[in-house]
Participant: 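One structure, pasted below without further comment.
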There are 2 protein chains.
Amino acid sequence: MAEILNISRKEQIVNVAAKLFKQKGFVATSMRDLAAELGIEAASIYYHFKSKEELLEKICFDMADKFITNAKEVNDIYFNAEEKLKMAIKLHVETITENQNQSSVFLSEWRNLSEPKLKLFRQLRQQYENQFTIILADGEKEDIFDDVDKKFAVLSILSTINFINEWYKPEGKMNANEIADKLSYFIMGGLRKRLVTDR
Amino acid sequence: MAEILNISRKEQIVNVAAKLFKQKGFVATSMRDLAAELGIEAASIYYHFKSKEELLEKICFDMADKFITNAKEVNDIYFNAEEKLKMAIKLHVETITENQNQSSVFLSEWRNLSEPKLKLFRQLRQQYENQFTIILADGEKEDIFDDVDKKFAVLSILSTINFINEWYKPEGKMNANEIADKLSYFIMGGLRKRLVTDR
DNA sequence: GCCATTGCCTAACGAATGTTAGGCAAAATT
DNA sequence: AATTTTGCCTAACATTCGTTAGGCAATGGC
């Protein structure tokens, strides 16, 4: 029982931290800001977490785990490369829209990590990017995708699907699935008008 | 003469500031960090600038001006929408690669501006985005581009061409023009393989 | 009913922050 | 030659920062 309460309080702190880190940035958010939002004193946070950075680490690595797990699942389960890419984009967009604050921190505030966690984090990011590289390579083999510069393409794709994090509002007219569909369409087809003979 | 020296010292401070703001972030960069890099004392900076924020403002608004001027020129001079988009992308990439530090600050650190400058900055960003919206609308009229959701497409395009700021290194194998070409190709054509009959 | 744990508190610390005041030498101006 | 301006300095300020120490009331299991 005490254990349960403890966990839920910890989660509450992490959530509020993510919200403030997104809003003002990690460095500009003080432990006192955080405590005020929680209705407690700054010192009390140290009962649950041993430092401010531990909060950042928790958020960044939890999200990294989510993204990687999703991408690996896609690469394991789905068959066709186009289907895989669509699914990976869909899950990515869903993860961002369902965890807006934490995603923001994952995407923008990770550079405030200090070594050796910083290095570890970069490796996880790389792992995630690799999953996309695999999909593109599959697509090329299947003769579905163009023979593009993989690294370049992966970074372009990720930058595009990450950017929704800066403007997506849950009350907006598009839901996560609609956004993912549009993004997939745009990424695969581009802007240029296609002839009817084109696939 | 004094005037010239003064200006050049001011510029030197701005350049170092941009470098550190990119490296560590605006909030995490102290006036003492800045001074140390310049080989002077923190207090001495206040002879040239009246506050830390003034440095941020200078960088953000100077870059905003560059981007907007470029885009407006493109929209004035070039005729065809595809040509316009290519040119706008090219100039954007050039501006980023030629001003890496300042561009980083423009793209990521502007949110540390405080009102009323923050509001003004947002308006300038909007102005820039609008120039791209115009190009897309032109392209649609000319039946070159798909009938895409303009706001969505503009944000996707900008996020893609902005992301190079995070990985571009001058010593890399691609120069600004090659990057711009690849980006244009990707943005307009997407990933999917086109048939020969396609334009 | 006793005791340990939980979850918070107050108070304080040393360090770092942005900024100001006042001074001083060299250079530019007159 | 006298005077002003430039560009920096030292010293200090009030504030804020992350964090620690120690205490105290409520809650849990025994």
Side-chain angles (χ1 to χ4, degrees), chain A residues 1-60 105 109-115 117-118, chain B residues 1-60 105 109-115 117-118:
Chain A
M1 166 62 173
E3 195 64 10
I4 292 169
L5 270 180
N6 185 22
I7 286 173
S8 110
R9 185 52 148 172
K10 277 187 95 161
E11 277 175 359
Q12 192 190 346
I13 294 175
V14 170
N15 287 339
V16 173
K19 176 179 149 198
L20 293 191
F21 291 171
K22 171 181 181 160
Q23 226 167 71
K24 324 174 41 164
F26 174 75
V27 184
T29 303
S30 73
M31 294 299 266
R32 285 164 181 87
D33 290 339
L34 229 170
E37 189 85 10
L38 286 158
I40 60 176
E41 292 298 314
S44 307
I45 299 173
Y46 288 84
Y47 176 76
H48 302 278
F49 296 92
K50 72 175 200 298
S51 69
K52 186 185 172 188
E53 178 148 357
E54 202 188 31
L55 286 167
L56 181 61
E57 290 167 5
K58 176 115 179 74
I59 297 170
C60 288
V105 176
E109 300 299 325
W110 58 270
R111 66 203 187 102
N112 294 297
L113 291 168
S114 40
E115 300 292 2
K117 298 279 181 178
L118 181 57
Chain B
M1 167 63 174
E3 193 65 10
I4 291 169
L5 271 179
N6 185 22
I7 286 176
S8 109
R9 185 52 148 171
K10 277 187 95 162
E11 277 175 359
Q12 192 190 347
I13 294 175
V14 170
N15 287 340
V16 173
K19 175 180 151 198
L20 294 190
F21 290 172
K22 171 180 182 161
Q23 225 168 72
K24 326 173 39 163
F26 174 75
V27 183
T29 303
S30 73
M31 294 299 267
R32 284 165 183 84
D33 291 338
L34 229 170
E37 190 83 10
L38 286 159
I40 58 175
E41 291 300 313
S44 306
I45 299 172
Y46 288 84
Y47 175 77
H48 304 276
F49 294 93
K50 70 176 205 294
S51 69
K52 186 184 172 187
E53 176 146 356
E54 201 189 31
L55 286 167
L56 180 62
E57 289 167 5
K58 176 112 179 74
I59 298 170
C60 289
V105 176
E109 301 298 326
W110 59 269
R111 65 205 187 99
N112 294 298
L113 292 167
S114 41
E115 301 292 3
K117 297 279 181 176
L118 181 58

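Since this is a predicted model, take the numbers as computed values, not measurements. Protein chains get the first letters and strands the later ones, always in sequence-line order, with residue 1 at the start of each.
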Participant: Tell me the side-chain hydrogen bond (donor to acceptor under 3.5 Å, both in side chains) pairs involving residues 37-46 of chain A, sequence neighbours left out?
Facilitator: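 Listed once each, the pairs are A:Lys19-A:Glu37.
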Participant: When you compare the side chain of A:Leu118 with that of A:Trp110, does any pair of heavy atoms fall below 4.5 Å?
Facilitator: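 Touching, per the 4.5 Å side-chain cut-off.
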Participant: Under 4.5 Å between any side-chain heavy atoms of A:Lys24 and B:Val27, yes or no?
Facilitator: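 No, their side chains stay 4.5 Å or more apart.
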Participant: Base contacts versus sugar-phosphate-only contacts with protein, heavy atoms under 4.0 Å: please encode nucleotides 8-21 of chain C as B, S and - from 5' to 3'.
Facilitator: SBBBB----BBBBB
Participant: Would you mind reporting whether B:Phe49 and B:Lys10 have side-chain heavy atoms less than 4.5 Å apart?
Facilitator: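 B:Lys10 vs B:Phe49: side chains touch.
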Participant: What I'd like to find out is whether the side chain of B:Arg9 reaches to under 4.5 Å of the side chain of B:Leu38, using heavy atoms alone.
Facilitator: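 Of all side-chain heavy-atom pairs linking B:Leu38 with B:Arg9, at least one is under 4.5 Å.
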